[in-house]
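What follows is a set of notes on a single structure, which appears directly below.
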Amino acid sequence: MNQNLTAERPTFVTHLECSLTGQCYDADTLHGLSEAGRPLLVRYDLDAVAANLPRPMLDARPTDLWRWRELLPVRRTANVVSLGEIETPLVAIPVSGGANVLVKDEGRLPTGSFKARGLVMAVAMAKELGVTRIAMPTNGNAGAALAAYATRVGIETIVFCPEDTPEVNVREIALQGARVWRVNGLIDDCGAIVGKGAAEGRWFDFSTLKEPYRIEGKKTMGLELAAQFGWKLPDAIFYPTGGGTGLIGMWKAFDELEAMGWIGAERPRMYAVQASGCAPIVKAFEAGQEHAERWEDAHTVAAGIRVPKAVGDFLILRAVRASGGKAVAVGDPAILQAVDDAARHDGLLLCPEGGATLAAYREAVKIGEVDPGETVVLFNCATGLKYPMPAAPRTLDRHQPIDFDAL
Ligand SMILES: *Cc1c(COP(=O)(O)O)cnc(C)c1O
């Protein structure tokens with residue numbers, strides 16, 4: 001086993017804090033949302049982290065997610081769970097993107113998506129806090145990651161997904177040990193069922209941001225980026241935004257690293273990318289509002305960002321505005337074109353949500369919002385192999401004469 005997982009280390013969590021009111025909560029008991037109905041954020045003694053984690057010590061560790069242990073909430077090493085959460089590579093896409101565009105390819109994580117980052121942490125904490133049964137609404141990838149990690153630690157899971165969730169997601173969730181139900185509604189309709197069962201005490205609610213620890217797992221994307229860029233940050237980040245956990249998590253990571261003195265005050269411009277068929281955050285951003293209204297009749301090929309209503313809407317909007325970035329929407333045709341271009345010209349198979357970030361980047365360059373000379377990171381959040389691909393219908397009859405010139 002990797003040395004990041006075997007050593008006992010001190011932990012530095014001080015308390016949890018309501019993201020809206022700042023009210024404090026005890027760290028070592030089970031919590032959902034705050035009393036104000038908002039996400040809870042984990043707070044650390046960052047001076048003590050800096051004192052106990054000299055940079056050479058970090059540099060000497062294997063570059064996986066658990067190398068950040070001092071900045072993560074799990075107290076006891078026995079509760080750490082792992083399926084091999086590697087540091088994901090930054091892959092250039094010079095033809096379809098440009099000379100300064102890097103794709104952070106999260107498709108290489110366990111269960112094929114970055115939901116593994118959030119769920120490995122949330123499940124480890126559920127284990128630490130004695131949870132035995134979890135339920136979750138999902139558009140696919142989160143349910144798969146939950147199923148895998150919960151099975152690993154022996155926690156029972158019940159997962160609800162919209163009936164048109166991609167078949168591969170429904171099946172991987174089932175195969176990895178969860179009871180999965182297709183529901184005739186959208187993800188927030190599934191969330192209502194989970195909420196009702198949780199209120200009756202049937203299970204713990206693992207909806208996005210309704211427990212405090214998925215953000216901490218997703219935060220590692222920001223920590224990794226800082227390390228990969230040599231303790232500087234790129235000029236801009238394009239993030240496909242559903243519930244926004246990753247964007248909120250990265251923003252939190254940057255603040256923590258600055259408090260530790262590891263990076264300066266400069267921040268990337270954060271672009272929250274949505275599909276034009278489901279763009280509640282974009283609408284609120286453009287209207288200058290702090291919260292987003294539910295988006296009716298949500299539809300897009302990018303299922304992972306088909307989220308009509310996000311509980312962390314105000315946290316996404318605050319981070320985007322504070323960074324000098326924007327919330328932007330792209331249409332399905334531009335998304336599919338971007339996926340096609342990256343695959344055909346750069347050999348990198350993106351998921352549709354990753355395609356959305358490339359489409360948004362291209363549009364941003366076209367309108368002068370981003371300079372092609374700026375260093376930009378696009379997030380590809382799942383492996384393209386989980387999604388439908390265009391047909392490849394050519395066949396060859398080996399019993400007939402073969403026209404080799406035509407091959
Ligand atoms: C969940 C998901 C997203 C959205 O992530 P959030 O952090 O919830 O906004 C984007 N892309 C894919 C592939 C996903 O599975």
Side-chain angles (χ1 to χ4, degrees), residues 39 88 103-119 121-122 136-146 148 159 161-162 165-166 168-169 172-173 187-188 190-191 206-211 213-222 237-253 270-275 278-282 292 295 298 300-313 315-317 319-320 327 330 335 338-339 349-360 378-388:
T88 58
V103 174
K104 187 135 173 83
D105 192 5
E106 300 277 299
R108 307 182 192 212
L109 286 162
T111 70
S113 88
F114 73 174
K115 291 298 193 299
R117 291 185 191 269
L119 272 310
M121 205 58 56
M136 173 198 266
T138 183
N139 278 326
N141 288 324
L146 170 65
V159 173
C161 59
T165 298
V168 61
N169 291 123
E172 65 178 328
I173 294 167
I187 187 161
D188 50 352
C190 297
F206 246 46
S207 306
T208 306
L209 299 183
K210 289 194 181 166
E211 61 74 54
Y213 302 108
R214 264 164 86 173
I215 293 181
E216 295 306 294
K218 285 278 196 86
K219 184 177 90 176
T220 59
M221 296 190 292
I237 292 175
F238 284 71
Y239 185 82
T241 305
T245 331
L247 195 148
I248 297 164
M250 282 192 279
W251 198 247
K252 184 171 187 284
M270 306 294 282
Y271 291 93
V273 180
Q274 299 203 299
C278 182
I281 301 295
V282 179
W295 187 275
T300 167
V301 289
I305 53 176
R306 195 179 60 174
V307 178
K309 174 91 189 135
V311 287
D313 52 2
L315 296 172
I316 303 168
L317 288 159
V320 166
V330 286
I335 290 175
V339 170
L349 189 59
L350 302 175
C351 62
E353 297 80 1
T357 65
L358 175 55
L378 311 179
F379 270 85
N380 182 53
C381 302
T383 168
L385 292 171
K386 283 200 197 186
Y387 300 83

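Bear in mind that the values here come from a model prediction, so they are computed numbers and not experimental data. Note that ligands are numbered from 1 as they come in the structure, with each ligand's atoms numbered from 1 the same way.
- Close approach to Tyr387 involves these atoms of ligand 1, each under 4.0 Å from a residue heavy atom: 13 (C).
- Residues Arg117 and Thr220 bring a donor and an acceptor atom of their side chains to less than 3.5 Å of each other.
- Val273 approaches Ile305 most closely through the heavy-atom pair O-CD1, 4.2 Å.
- For Thr245, heavy-atom contacts with ligand 1 shorter than 4.0 Å involve the backbone as well as the side chain.
- Residue contacts with ligand 1 include Pro240, since one or more of its heavy atoms lies under 4.0 Å from the ligand.
- Residues Met221 and Glu106 meet the side-chain proximity criterion, which asks for heavy atoms closer than 4.5 Å.
- To the nearest 0.5 angstrom, Leu209 atom CG is 7.5 Å from Arg214 atom CZ.
- For atom 8 (O) of ligand 1, the closest non-hydrogen atom on the protein side is Gly243 N, 3.2 Å.
- In terms of protein heavy atoms, atom 7 (O) of ligand 1 is closest to Tyr239 OH, 2.5 Å.
- Residue Lys218 places a heavy atom less than 4.0 Å from ligand 1.
- Rounded to the nearest 0.5 angstrom, Ile248 CD1 and Lys219 NZ are separated by 14.0 Å.
- No heavy atom of Phe379 sits closer than 4.0 Å to any atom of ligand 1.
- The closest approach between Gly244 and ligand 1 falls below 4.0 Å for a heavy atom of the residue.
- Protein heavy atom at the shortest distance from atom 2 (C) of ligand 1 is Lys115 NZ, 2.4 Å.
- Residue Ala382 approaches ligand 1 through these ligand atoms, each under 4.0 Å from one of its heavy atoms: 13 (C).
- Residue Thr241 approaches ligand 1 through these ligand atoms, each under 4.0 Å from one of its heavy atoms: 9 (O).
- Asn380 places a side-chain N or O within donor-acceptor distance of the main-chain N or O of Ala382, the cut-off being under 3.5 Å.
- Residue-ligand proximity, Gly242 to ligand 1, at heavy-atom distances under 4.0 Å covers atoms 4 (C), 6 (P), 9 (O).
- In plain terms, the two heavy atoms of Asn139 and Pro162 that are nearest each other are OD1-CG, 3.5 Å.
- Residues Ala272 and Val320 approach most closely at CB-CG2, 3.9 Å, considering heavy atoms.
- Residue Gly246 has at least one heavy-atom neighbour below 4.0 Å for each of these atoms of ligand 1: 7 (O).
- Using cut-offs of 30° and 60° for the angle between ring planes, the Tyr239 and Phe379 rings count as perpendicular.
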